[in-house]
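Remarks on the structure that follows.
Quick caveat, the model's predicted, so the values are computed rather than measured.
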Amino acid sequence: MAHDLQRLEESILRWRNDPLAFCREVINFKPTAQQAQIIDALKYPGAWVTVKSGHGVGKTSTLACLALWFISCFDDCKVPVTHPAREQLKSTMWPELRKWHSRMENPFRDAIEINSEKCFIRARPDRFVQARTSRPDNPDALQGFHAEHLLFLIDEASGVATKIFEVAFGALTTADARFLLAGNPTHTSGFFWQTFNKYRDSWVRFTLSCLDSENVKQEYIRKMRGQYGAESNEYRVRVLGQFPAASSMQFIASDLVASAMERYTAVSADPALYAYAPRLLGVDVARFGDDSSVVYLRQGISARRVYRVKDCDTHTLACRVATLYVEHDCSEIYVDLGGVGAGVYDYLASHGYPVQGIEFGSRSQESSYYNRRAELWGRLREWLRSGGAVEESEELASDLTVPFYEYDVRDRIKLERKESIKKRGYASPDNADALALTFAGDYLGGGVRTEMRVKTVDEDGLFTV
């Protein structure tokens, strides 16, 4: 008996560093080549792994086997498992856990118990797999887990809000905290998307295409290609495991923004391309403590941010806008009247500046849009398509691509409200709204300027006329 126990302990030490061997020898799981790559990548302490995949490649069974491996081989450990929808978490992950638990060799099978919320070691209930729903209104879903070894398994990671990841990473003090993000790449914004883009150097990345999977039948691939076309977003996401060229709900596509930012250096180096056009200022005024007041300058096909500030009163902001108007020899100022924006507008108008107040929620001038904001964003999108150039900025890129859209009962385009965007865990798109405001006029050139000038600017940024 002592000899058998010693052999088991030696095997566990080996399996700690070889999850593939554990899955094959103990769980009787025969991974595909794709699944084996993912499992092997998690053997390293502190591993961060992100996986985008097509449908049916076996990502959920991979997550389940990794969870069973972790609690079986590490003494002080916890495995939080999360999914954006509670129903999906219960109907997909938990059945997979039960399935592969039932196939485990003893003594491991008898040592583990699974109930509706947890999968744990009977003799060590502090070693467990815990289900958590990662909704935007529950940003603490991945917080509060403490152990020497942690394995975070995030299923359908594309639907998990950025704020939830920020809370999880901000609360970590454990050296061996491993992350596995997996999902169909349905959105081209958010933290999951960023692990393949902005944060890609920090993550081990995998793309699992149905074309290379032993688990996916060729009939499924043929049907998807025939129904949607090989160039469609549906085929890209569901078969190839690639991010869509534009999310089905995304109003402005990421590739459109990327192209506009790539053009900016060349465009800004040749002012003759846009010298004919008036210089316009768009001013989005902050409403809430976390938001920023932003000013964008656009001249023809070129646009850039010229000011951004938080916690600024309307008088100070109005004076700064007046200064920018003079400095850049502008023709018109467009101010968002929502919230406290009316104060900025009133100050500029009373001092003779050519300013227009824009109500984002007012009726659109074009029948295809739900309101004025959707209309201005529509003009912005067409400007990007026709060669508009914007300076490279992660903030602006996120702001432009994060809003979703839908059609109302009258078949008008309705843009997602700022409040809804923030509930999904993203920042208010203040930069993009400021840029969109520059499309509120009908300038073809020229413009009338006031002779009013901002005369002094003190060192603290307080302005007087």
Would you say the ring centers of F108 and F22 fall short of 6.0 Å from each other? yes
Under 4.5 Å between any side-chain heavy atoms of C119 and L68, yes or no? yes
For the atom pair CD1 (I27) and OG (S72), what is the distance rounded to the nearest 0.5 Å? 7.0 Å
Enter the distance from C23:SG to M104:CE here, rounded to the nearest 0.5 Å. 9.0 Å
Checking Q130 now: which residues fulfil side-chain contact (heavy atoms from CB on, under 4.5 Å) with it, not counting sequence neighbours? E117, K118, F128, R132, F145
Can you name the side chain to side chain donor-acceptor pair (under 3.5 Å) partners of Q194, sequence neighbours left out? none
Electrostatic pair E382:R379 at N-O distance under 4.0 angstrom: no
With heavy-atom distances below 4.5 Å as the criterion, would you say the side chains of P45 and R178 are in contact? yes
For residues 31-47, pull every pair meeting salt bridge (charged side-chain N to carboxylate O under 4.0 Å, His left out), keeping only residues two or more places apart or in separate chains. D40-K43
What do you reckon, is CZ of R417 surrounded by more than 12 foreign heavy atoms closer than 6.0 Å? no
Kindly indicate whether the side chain of V239, heavy atoms from C-beta on, has any atom under 4.5 Å from the side chain of Y220. yes
Does some side-chain heavy atom of M224 sit less than 4.5 Å from a side-chain heavy atom of H55? no
Residue pair E25 / R14, side-chain heavy-atom distance below 4.5 Å: yes
Looking at residues at least two apart in the chain, or sitting in another chain, which of them share a side-chain contact (heavy atoms from CB on, under 4.5 Å) with D126? R124
Please round to the nearest 0.5 Å and tell me the distance separating atom CD1 of I164 and atom OG1 of T133. 9.5 Å
For the residue pair R381 and F251, would you count it as a cation-pi contact if the rule is NZ or CZ under 6.0 angstrom from the ring centre and within 45 degrees of the ring axis? yes
Mark yes when over 12 heavy atoms from residues, nucleotides or ligands other than E219 sit less than 6.0 Å from its CD; otherwise mark no. yes
Report the residue from R308, K422, K418 that forms a salt bridge (charged side-chain N to carboxylate O under 4.0 Å, His left out) with D430. K418
R7 and E10 ion-paired at < 4.0 Å: no
Residue pairs involving residues 55-74 (criterion salt bridge (charged side-chain N to carboxylate O under 4.0 Å, His left out); sequence neighbours excluded): K59-D155, K59-E156
Enumerate the ring-ring contact (aromatic ring centres under 6.0 Å, His included) contacts for residues 363-387, please, sequence neighbours excluded, ordered by first and then second residue. W383-F439
Is D176 close to E148 at the side-chain level, that is, under 4.5 Å between some pair of heavy atoms? no
Can you tell me if CZ on R98 sees more than 12 non-hydrogen neighbours from other groups inside 6.0 Å? yes
Partner residues of S232 under the side-chain contact (heavy atoms from CB on, under 4.5 Å) criterion, sequence neighbours left out: Y228, E234, Y235
To the nearest 0.5 Å, atom OG of S209 lies from atom CZ of R236 at 11.5 Å
Any side-chain donor paired with an acceptor under 3.5 Å for K310 and S292? no
Residues forming a side chain to side chain donor-acceptor pair (under 3.5 Å) with R298, sequence neighbours excluded: T438
Quick test of your reading of the model: are E214 and K30 salt-bridged, counting only N-O distances below 4.0 Å? no
Parallel, tilted or perpendicular: which describes the rings of F74 and F70, with under 30° parallel and over 60° perpendicular? tilted
S61: what forms a side chain to side chain donor-acceptor pair (under 3.5 Å) with it, not counting sequence neighbours? Q35
Side chain to side chain donor-acceptor pair (under 3.5 Å) filter on T195, not counting sequence neighbours, yields T50
Using the ring-ring contact (aromatic ring centres under 6.0 Å, His included) criterion, which residues pair with F29? Sequence neighbours excluded. W100
Tell me, with the steps shown, if R127 and D75 meet side chain to side chain contact (heavy atoms under 4.5 Å, CB included). CA-CA 7 Å; R127 290 165 56 178; D75 293 326; 3.8 Å; yes
Sequence neighbours left out, what passes side-chain contact (heavy atoms from CB on, under 4.5 Å) with S213? Give chain and number order. Q34, V57, N215, V216
